[in-house]
Structure formats: C-alpha cells, structure tokens
Amino acid sequence: MKAFIPAAITLMFWASSFSGIKQGLEGYSPGHFVLLRFLIASMVFLLLAVFTGKIGLPRKRDVGKIFGLALLGISIYHSFLTFGETVVPAGTAGLLIGSVPAFTAVFVYLFFKDKLTWMGWLGVLLGFAGVAVISFGTSHGFEFASGAILILIAAISTSLFFIFQQPMFNRYSAIEMTAYFVWFGTIPLLIFIPGFFDAVASAPTASTLSGFYLGIFSSGIAYLTWAIALSNAPASLVTSALYLDPALAIVIAWIWLGDLPEPLAFVGGALTIAGVILVNFYGKEKLPAQERKAV
C-alpha cells in the first residue's frame with residue numbers, strides 16, 4: 001500500500017498531463033510551455049525547501065549523477081513529449097507512453113537482478129497488446145509520424161530515469177530527490193527563454209492556467225508521490241502500473257478535450273489492467289535467500 005497509493009495519485013495527474021499539454025499548446029510554443037511548466041514546479045519545491053527545511057544540498061559526488069538523471073527524466077522526456085504532441089493527439093501520446101513499463105522491464109532485466117517470471121513477461125506482453133488495441137480504438141487512430149518518434153524516445157528516456165534513480169533513495173528522501181530532479185532538469189530548459197516573457201504576456205488564460213496545473217500537480221506533486229512509490233517497491237513492478245495510463249489518458253482527453261474514445265479502446269483498457277495485475281502480483285522472481293540478501 002505504501003507504493004500503491006502514491007502510484008495511483010501519480011497516475012491520475014500524469015494521465016491528465018497529455019490533455020493539459022494540448023491545452024497549453026493552443027497558446028504557447030512547445031519550448032515556452034515546457035519551460036513555464038517547470039519554472040512553476042521549481043518554485044513549488046523552492047517554497048517547500050524554505051518552509052519545511054527538509055530539502056538539503058546534494059552531496060558533491062552525486063551532483064553529476066543527479067544532473068544526468070534529471071536530463072533523462074525531466075529535460076529530454078518532457079521536451080520530446082511536448083514537441084511530439086504538436087502533431088500527435090493527446091490520447092495517442094498516452095498510448096505511446098504506455099510502452100514505458102515494457103521498456104523498464106527490459107532495462108531492469110539487462111542491468112539488474114530484479115527480473116520477472118514468465119507470468120511477469122506475459123503481463124508485459126498483455127500490456128503491449130492493450131496499448132496496440134487502444135491505439136486502434138481511439139478516434140484519431142495511431143499516427144506514427146515524426147511526433148510519435150519523439151514520444152517513443154521520451155518513453156525510453158523516462159524508463160532509464162526510473163530504474164537508475166532507485167539507488168539514490170539510500171541517501172536521499174523522496175522529497176529531496178524530486179526537488180533535485182526538477183531543479184536540475186529545469187536548467188537545460190532555459191534554452192527556451194528567448195521570447196518566453198512575451199509569450200506569457202500574450203497567451204490565453206486557459207493555456208497559462210494549464211501550465212500552472214501541470215507545474216504544481218503533474219510535475220510537482222506527481223513526481224513526489226512517484227518517488228515515494230519507487231522507494232517502496234522495485235521499479236519493474238511500480239512502472240507496470242503505467243499500463244493504466246493510456247486508458248486514463250483517453251478518458252481524461254474525452255472529458256477535457258471532447259475526444260470521445262471508440263468502444264474498442266475499452267477492450268484495450270481491460271488488457272492493460274490484466275497486464276498490471278499479472279506483473280504486480282505474479283511477476284516478481286523469487287530469489288534464493290542468499291542471493292536476495294546480496295541484491
């Protein structure tokens with residue numbers, strides 16, 4: 001439950017971010033909007049640092065690794081996702097990001113001993129099947145264009161971010177890790193600063209409010225709750241819950257943007273849920289006692 005509850009909170013905010021980005025892109029360029037989002041998120045954690053006193057400075061030897069992880073999980077992921085959504089519908093973007101758990105499981109298999117059983121891999125395959133079915137059940141279809149390639153790169157980037165950040169929880173709290181990632185990840189986004197303030201002054205109110213929503217909830221609170229989830233369970237199991245994101249993203253896009261899903265999308269949603277159940281409840285490989293202690 002220590003991992004499930006914060007992961008569920010994260011999923012709701014992240015699933016809504018695809019529609020929020022679409023709303024924001026109606027008044028901002030992709031670069032200006034992603035910068036607005038993370039300037040706001042950075043301010044949220046700055047206020048938390050000032051008023052709670054629970055966010056200290058990272059150790060010097062960890063700065064390089066933190067910056068590299070922030071580059072993967074914040075700068076690259078959100079830039080590529082936002083630029084990709086200029087041509088890819090919100091629901092389809094959610095479907096593409098739905099491949100994150102599969103990438104994560106493969107990377108964990110390659111780099112760590114946190115392996116999955118055959119039931120776990122079956123869950124991964126079911127998740128992929130669900131993503132494929134949902135992609136044919138959206139009103140916009142599956143548009144594999146340059147924007148889709150950018151979003152797939154974003155999915156790979158955030159998968160690596162998820163698995164390589166876990167060892168850092170031995171030295172830092174979830175709130176510290178999230179603050180560091182947001183702050184360091186915002187620095188490369190400053191390349192979009194030219195013309196930013198003019199864009200804010202002229203943008204529609206709805207687009208700016210969308211940036212505030214994403215900055216506070218989808219980037220601030222959601223990354224914090226996700227860090228809490230990862231600190232309480234293996235990355236391969238926690239990220240398998242992201243298979244629910246495509247179904248949630250479609251429903252939210254339907255409510256927020258009027259993007260009504262086709263009936264076939266619900267079949268895909270059932271497959272993704274089945275995949276999550278398999279991975280989370282039957283997918284963890286049980287290691288011998290000595291090996292488990294070593295890991």
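You'll find the side chain of Ser79 reaches within 4.5 Å of the side chain of Phe192, heavy atoms only. When side chains are defined from C-beta on, Leu72 does not count as touching Thr158, because their heavy atoms never get closer than 4.5 Å. In this structure, Lys22 and Trp256 have side chains that are not in contact, with every pair of non-hydrogen atoms separated by 4.5 Å or more. Taking the side chain as every heavy atom from C-beta outward, Ser29 and Phe83 never approach each other to under 4.5 Å. The shortest side-chain heavy-atom distance between Arg171 and Arg61 falls under the 4.5 Å cut-off. Between Ser157 and Phe80 the shortest side-chain heavy-atom distance does not fall below 4.5 Å. Within the 4.5 Å cutoff, the side chain of Trp14 has no heavy atoms near those of the Leu248 side chain. Here the side chains of Phe18 and Leu81 are in contact, with some heavy-atom distance below 4.5 Å.
Shown here is Phe196, whose CZ atom has more than 12 heavy atoms of other residues, nucleotides or ligands within 6.0 Å.
Aromatic ring orientation, Phe67 versus Phe184: perpendicular (interplanar angle above 60°, classes split at 30° and 60°). By the 30° and 60° cut-offs, the orientation of the rings of Phe162 relative to Trp226 is tilted.
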Is there a side-chain hydrogen bond (donor to acceptor under 3.5 Å, both in side chains) between Tyr180 and Asp62? Walk through the geometry before answering. CA-CA 11 Å; Tyr180 300 154; Asp62 291 330; over 6 Å; no
Could you go step by step and tell me if Leu35 and Tyr28 meet the side-chain contact (heavy atoms from CB on, under 4.5 Å) rule? CA-CA 10 Å; Leu35 177 59; Tyr28 287 91; over 6 Å; no
Given side-chain contact (heavy atoms from CB on, under 4.5 Å), test Leu214 with Phe33 step by step and report yes or no. CA-CA 10 Å; Leu214 295 180; Phe33 188 69; 3.5 Å; yes
Please test Met168 against Leu69 for side-chain contact (heavy atoms from CB on, under 4.5 Å), starting from the C-alpha separation and ending with a verdict. CA-CA 11 Å; Met168 305 293 287; Leu69 288 169; 4.3 Å; yes
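Rounding to the nearest 0.5 Å places CG of Leu47 at 5.0 Å from CE of Met43. Rounding to the nearest 0.5 Å gives a distance of 10.0 Å between CD1 of Ile252 and CZ of Phe13. Note that the OG1 atom of Thr117 and the CG atom of Leu278 stand 8.5 Å from one another [nearest 0.5 Å]. Going from atom CD1 of Ile74 over to atom CD1 of Ile187 covers 12.0 Å, rounded to the nearest 0.5 Å. For the atom pair CD1 of Ile228 and CG of Leu224, the computed distance is 4.5 Å after rounding to the nearest 0.5 Å. Here CD1 of Ile66 is found 11.0 Å from CD of Gln165. Values are rounded to the nearest 0.5 Å.
The aromatic ring centres of His78 and Tyr223 sit less than 6.0 Å apart.
Closest non-hydrogen pair, Gly56 versus Glu176, comes out as N-OE2, 3.3 Å. Nearest heavy atoms, Ile40 versus Ile216: CG2-CG1, 3.9 Å. Counting all heavy atoms, side chain and backbone alike, Leu71 lies closest to Pro188 at CD1-CG, 3.9 Å. Between Arg37 and Ser219, the closest heavy-atom pair is NE-OG, 2.6 Å. When all heavy atoms are compared, the tightest approach of Pro30 to Leu25 is CA-CD2, 3.7 Å. Between Ala249 and Gly94 the shortest heavy-atom distance is CB-CA, 4.2 Å.
Both Ile9 and Phe4 are members of a single hydrophobic cluster when ILVMFWY side chains are connected at heavy-atom separations under 4.5 Å. One hydrophobic cluster, built from ILVMFWY side chains closer than 4.5 Å, cannot hold both Leu57 and Trp183; they sit in different ones. Note on Val44: it does not cluster hydrophobically with Leu209, by side-chain heavy-atom contacts below 4.5 Å among ILVMFWY residues. Leu125 and Phe107 are not part of a single hydrophobic cluster, where members link through side-chain heavy atoms under 4.5 Å apart.
For the residue pair Tyr213 / Ser16, a side-chain donor-acceptor distance below 3.5 Å is found, with atom types taken as modelled.
Between Tyr77 and the options Ile97, Ile153, Thr82, a side chain to side chain contact (heavy atoms under 4.5 Å, CB included) holds for only Ile97.
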